[in-house]
Every structure is written in structure tokens, then in C-alpha cells.
Amino acid sequence: MRLLLLLGLGLVLACAPRTEGKHSVVKRNFDSRKIAGKWYSILLASDRKDKIEENGSMRVFVENIHAFPNGSLGYKLHTIVDGKCAELILVSDKTGKDGEYFVEYKGHNTFRILETDYIKYAIFHLTNVNNGETFQMTKLYGREKDLSEKIKQNFVKICKKYGIAEENIVDLTKADRCLQARGQ
Ligand SMILES: *[C@@H]1O[C@H](CO)[C@@H](O)[C@H](O)[C@H]1NC(C)=O
Ligand SMILES: *[C@@H]1O[C@H](CO)[C@@H](O)[C@H](O)[C@H]1NC(C)=O
């Protein structure tokens, strides 16, 4: 009996998933259900910095992402309008390309998840086309209010890869990002 119990325990241990402490980073074939949940906007970057600076049209803060059964992503966001936090709800539909979505907001926005580990951070790339004008944006989202320097440096590297200079990165952890308006 004891031997059987030990044998059983051994099997359970052998089959338990190995946790390596470090979660793997996903760069394609994203699982939208795992992207869902609570997020904080940590860093924003753009080749049109005015769009993400104070009163910029794309200075938007994430609170929550919802994964719909049809694959669309719903967003609960906040923006500051006339000095006050305003809630913004958007739904982005899949475009058919891996990890790519489309949403109308201050123009036509096509965006992709560039990489995520689902549990700590996610990096998005967005292209906005409005009245024949195009600019791009990258965003770093965190599951907590702030992220490690290592993850932020990785984001800086990715921005550079897309031609967005480090001085065009806005640190929202030091700004009003409507934390007080969350959960309402
Ligand atoms: C997917 O479902 C959501 C929620 O019902 C809806 O808003 C969105 O328009 C749907 N997208 C498509 C492409 O059907
Ligand atoms: C942003 O808008 C607010 C309210 O309209 C205004 O008080 C503030 O000066 C503006 N900030 C900048 C940097 O333009």
C-alpha cells in the first residue's frame, strides 16, 4: 500500500509541469484569452511625440482587455479630456494576419502584439492613418503599475528597431494615467 502511494506520488511529480521561474516570451501565435485581463500603460512611444504627450489624441491608458469568443479584443481605457479622466471603450477586430487587429479611433488603427509573456508585460505596435497622414506607436503594458528596468530596456530596443528614438518615449509611471478612475 505504502509502495503504491509512493509510486503514485512519483508519477504525479514526474508529470508536474516544470516551472523555470522565467516565463517564456511569445512573439507569434498569440493566445488572445491570455492577453485578457488587467493591464497598466507603462511606456508609450511614437514618431509623432505630440500624439502621446499631454493632451495628445493617442495618450490613452489601458485598464482592461477582454477577449471575445470571435477573437476580437475589447478595451476599457481612459483618456484625459479637458483635464478630467474619461472612460473609453473600444473593440478591435482581427484582420486575418497573425496577431493583427483593426480599430477606428482618431483614424484607422492597425496594431499588432509584438511580444508578451502574458504574466508581466506586453508590447504592441500600432500604425495610425488619418487624412492621408501616417504615424506609428509602440506601447508597453504591464500587469502591475510598473515594470523592471530590464523589460523597459527591451522596449527601448524594440522602439529603435522601428525607428522610434529613445527621446520619443513617454514614461507614464510618472504621469497622471487615471489610476484613480479605474474599477468604476
Ligand atoms: C466580435 O464580438 C464583439 C462583441 O460581441 C463585437 O463587438 C464585434 O463586432 C465582433 N467582431 C466581429 C468581426 O464580428
Ligand atoms: C492640456 O489641457 C488642459 C485642459 O484643457 C490645459 O490646462 C493644459 O495646459 C494642457 N496641457 C498642455 C501641455 O497643452
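When a ligand or atom number is given, it counts from 1 through the structure's own listing order. From a predicted model like this one, the values you see are computed outputs, not experimental measurements. The chain is numbered in sequence order, starting from 1.
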Considering only protein heavy atoms, which is closest to atom 7 (O) of ligand 1, and at what distance to one decimal place? V91 CG1, 3.8 Å
S72 heavy atoms, cut-off 4.0 Å: which ligand 1 atoms fall inside? 1 (C), 10 (C), 11 (N)
the protein heavy atom lying closest to atom 9 (O) of ligand 1 turns out to be D93 OD1, 4.0 Å
Answer yes if the ring centres of H125 and Y162 are under 6.0 angstrom apart, and no otherwise. yes
Under 4.0 Å and counting heavy atoms only, is there anything from the protein next to atom 11 (N) of ligand 2? yes
With a cut-off of 4.0 Å, which atoms of ligand 1 are near a heavy atom of N70? 1 (C), 2 (O), 3 (C), 8 (C), 10 (C), 11 (N), 12 (C), 14 (O)
Is the shortest side-chain heavy-atom distance between V26 and D31 below 4.5 Å? no
What about N55: any of its N or O atoms under 3.5 Å from an N or O on ligand 2? yes
Pair Y141 + Y121: ring centers closer than 6.0 Å: no
A side-chain contact here means heavy atoms from C-beta on lying under 4.5 Å apart; do I42 and K152 qualify? yes
Establish, yes or no, whether the cationic atom of R182 lies under 6.0 Å from the six-membered ring centre of Y40 and within 45° of the ring axis. yes
Measure the distance from atom 5 (O) of ligand 2 to every protein heavy atom, then report the residue, atom name and distance (to 0.1 Å) of the closest one. D82 CA, 4.1 Å
Stepwise salt bridge (Lys or Arg N to Asp or Glu O under 4.0 Å) check, E54 with R59: CA-CA 7 Å; E54 220 183 293; R59 193 174 168 101; 5.8 Å; no
Please tell me if atom 2 (O) of ligand 2 is touched by the protein, where touching means a protein heavy-atom distance below 4.0 Å. yes
